[in-house]
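Here is the structure we will look at.
We use all heavy atoms of the structure for the numbers below, so side chains are in, but hydrogens, waters and symmetry mates are not.
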Amino acid sequence: RRSVAALEKAVQARDLRWISRITRQSGKIRAVLTKDELLKVAGDALVPESEVLRAFEAAMGSVPSSYAPPKKDETIATAPTPMETEDGDAASKPVGEANERAPMDTSTESKTDAAAASGGAPTVKTAPMVVKLVPSTLPEVAAYLQLYAVCMQIDSKQYGAAVSYSTEVLKAASELNRRTLDEIRARLYFFYARAHELVDSSKLIRSNLLSAYRTAVLHHDHNGQATLLNALLRSYVNANLYDQADKLVSKTQFPETRSNNQFARYLYYIGRIRAVQLDYSESFTCLEQAMRKAPQNGALGFRTLVQKLIVIVQLLTGEIPSRDVFRQPKMTAALAPYFAITKAVRDGDLENFSQVVHASEAAFIRDGTMTLVGRLRQNVIKAGLRKINTCYSKISIEDVCARLKLESPQDAEFVIAKSIRDGVVDAVVNHERGYMSSNEFFDTYATIEPSNAFHSRIAFCLSIYNDAVCAMRFPDKQDDLENTKAHRERLKEEQELAQTLADDDDDEDDDAF
């Protein structure tokens, strides 16, 4: 109720920042909102007997009466509380994790009981403030309530009803050219795309999303641009249309004034596209940035998915992830198959690698990393060959074939030749006598590798510095002037109060004398 009342005031004042703050609370409210509460608020906030109210009540009729707000783990697969909400609210940070109480929740009673139980002075119980709503004709209020209705339909797995109702709501919202409606419309588009994805009809709405994206660009709706661009990329990536996704990225520009949550999603999709295109260095950079920009107190599902892809891409670049990566809280079980893959790649054990892939194939397919895991076979062979090259100064190709468990010595000879050409091992192959001879080992610090490592670290630090500079916000000069005046007035009042107290002290001294 307070959110609806605040939304009305913000719309009337045309305060876009306040509207954005209200919509960011949708994740917290969604985690505790029930069907009866939403119907009651809609009956008070919408015009009675109106078309909007009748359609709203009809849509809520598809939600079962036994509906309960989704828990943390249930919302990971359905919606965007954390990664949807902007600017890092505690509960908002893909994946509803609402740890805080909703605005309408009252915690005064529990505090009073605790004080009384501890023997302290009980505090006075205050009744929760009830906000009285007046029926409003503002389209923002209707769209805000319709957003929760679509969320409830998706949470209760009424996907067909969510598709039809979200289509109807967006059709009405798209006909209105109101900047105060942009924030709510962007969220509606997210759930519109999500509902179609759940019924496997994402390809049918790509043209609608592209048209909406063009409109958002023309209206300078940055939040709408970010949301729609991510929805399009998600649709292309899920359908394995990486070429079309790459063309879309090359023809568009992600808005600068966007939320970190949307930017983290965008970086994840870019990293995934680049990984499929064999550009592992850029993919690793984008995925690391996505991991940094994701909410650290929530969005567990998103961060776990990004971490899985980071491990695979890092292995494909020839590096071995640290053990600390697999010991992160709440990620240990999800990263177990990837830890086994990492051990197989590090050991260069091709047989163990095949066993791990076969045992965890379902998990890799579910995560969408099976294609990249299949590419690791060559890395396993290279790791094993590098270990053999370190241990033996001279070894026959047949022994190399037996240790790497390759099919034939000819395959082993080809693998050795390619590894030498790629710079994986420093050795020479004697084809006539059939052996591999390792060259003398040189000091690593005499090569260019240390400078490359320093270069990558310096580039990383400069990137963080540039992001920090771009994220800095400065108050307006008018605000500075108002703050200065307020500060002067406060100082003047303090001085007058101090002077008054000093005079009173003098009077008391005179009386005492």
Side-chain angles (χ1 to χ4, degrees), residues 1-30 33 37-60 79-81 84-87 89 92 102-104 131-154 162 165-193 195 212 215-216 218-228 257-259 262:
R1 287 178 174 272
R2 288 204 294 267
S3 297
V4 172
L7 180 62
E8 291 183 13
K9 295 180 181 179
V11 171
Q12 293 170 357
R14 294 187 179 184
D15 191 343
L16 300 182
R17 292 184 62 186
W18 189 249
I19 295 174
S20 177
R21 291 185 62 183
I22 294 172
T23 54
R24 287 203 303 267
Q25 302 297 322
S26 60
K28 300 178 184 178
I29 298 175
R30 178 188 172 196
L33 186 63
E37 290 173 347
L38 182 59
L39 285 171
K40 188 175 181 180
V41 172
D44 295 340
L46 300 179
V47 179
E49 302 300 328
S50 63
E51 291 289 339
V52 175
L53 182 58
R54 283 197 292 268
F56 182 86
E57 292 175 345
M60 291 300 295
T81 350
E84 262 317 277
T85 53
E86 323 277 333
D87 296 341
D89 291 333
S92 73
M104 65 183 71
V131 179
K132 186 176 181 180
L133 297 177
V134 179
S136 173
T137 59
L138 292 175
E140 290 81 4
V141 174
Y144 185 68
L145 296 174
Q146 290 163 346
L147 172 65
Y148 288 109
V150 175
C151 291
M152 283 192 180
Q153 289 176 330
I154 293 177
Y165 189 56
S166 61
T167 304
E168 177 185 346
V169 169
L170 277 174
K171 182 178 179 182
S174 301
E175 295 174 354
L176 301 174
N177 187 14
R178 296 169 65 94
R179 300 285 69 78
T180 51
L181 193 59
D182 288 343
E183 285 282 342
I184 304 174
R185 188 190 293 118
R187 291 180 178 273
L188 283 170
Y189 267 115
F190 173 85
F191 286 103
Y192 168 72
T215 303
L218 293 175
H219 289 169
H220 299 284
D221 178 12
H222 296 161
N223 191 31
Q225 293 179 44
T227 303
L228 290 164
T257 56
R258 80 293 174 199
S259 69
Q262 292 294 345

* Using side-chain contact (heavy atoms from CB on, under 4.5 Å) as the criterion, point out the one residue from Ile184, Val52, Thr180, Leu176 that pairs with Pro139. => Leu176

* Asked: What's the shortest heavy-atom distance between Leu188 and Leu147, and which atoms?
  -> CD2-CA, 3.8 Å

* Please, which pairs that meet salt bridge (Lys or Arg N to Asp or Glu O under 4.0 Å) have at least one residue in residues 165-176, sequence neighbours excluded? -> none

* Between atom CE of Met152 and atom CG of Leu38, what is the distance when rounded to the nearest 0.5 Å? -> 4.5 Å

* Structure fact -> Heavy-atom nearest pair, Ala173 first then Leu181, reads O-CD2, 3.8 Å

* Which value, rounded to the nearest 0.5 Å, describes the distance between Phe190 atom CZ and Cys151 atom SG? -> 9.0 Å

* To do: Determine, step by step, whether Glu51 and Arg54 satisfy the salt bridge (Lys or Arg N to Asp or Glu O under 4.0 Å) criterion, reporting the C-alpha distance in whole Å, the side-chain angles of both residues, the deciding distance to 0.1 Å, and the verdict.
  => CA-CA 5 Å; Glu51 291 289 339; Arg54 283 197 292 268; 2.7 Å; yes

* **Leu145 vs Val41 side-chain heavy atoms within contact, under 4.5 Å** => yes

* If you round to the nearest 0.5 Å, how far is CD of Gln262 from CG of Leu228? -> 9.5 Å

* Structure fact -> Note: Ala162 and Ala195 closest approach over all heavy atoms is CB-CB, 4.0 Å

* His219/Asn177 under side-chain contact (heavy atoms from CB on, under 4.5 Å): CA gap, chis, key distance, verdict -> CA-CA 9 Å; His219 289 169; Asn177 187 14; 3.5 Å; yes

* **Distance in Å, Lys28 NZ paired with Leu33 CG, rounded so as to fall on 0.5 Å steps** => 15.0 Å

* Asked: Under the 3.5 angstrom rule, does the side chain of Gln153 hit a backbone N or O of Ala59 as a donor-acceptor pair?
  -> yes

* Structure fact -> OG1 (Thr215) and CZ (Arg185) are apart, to the nearest 0.5 Å, by 9.0 Å

* To do: Return the set of residues passing ring-ring contact (aromatic ring centres under 6.0 Å, His included) with Tyr144 (not counting sequence neighbours), or none when no residue passes.
  => Tyr148

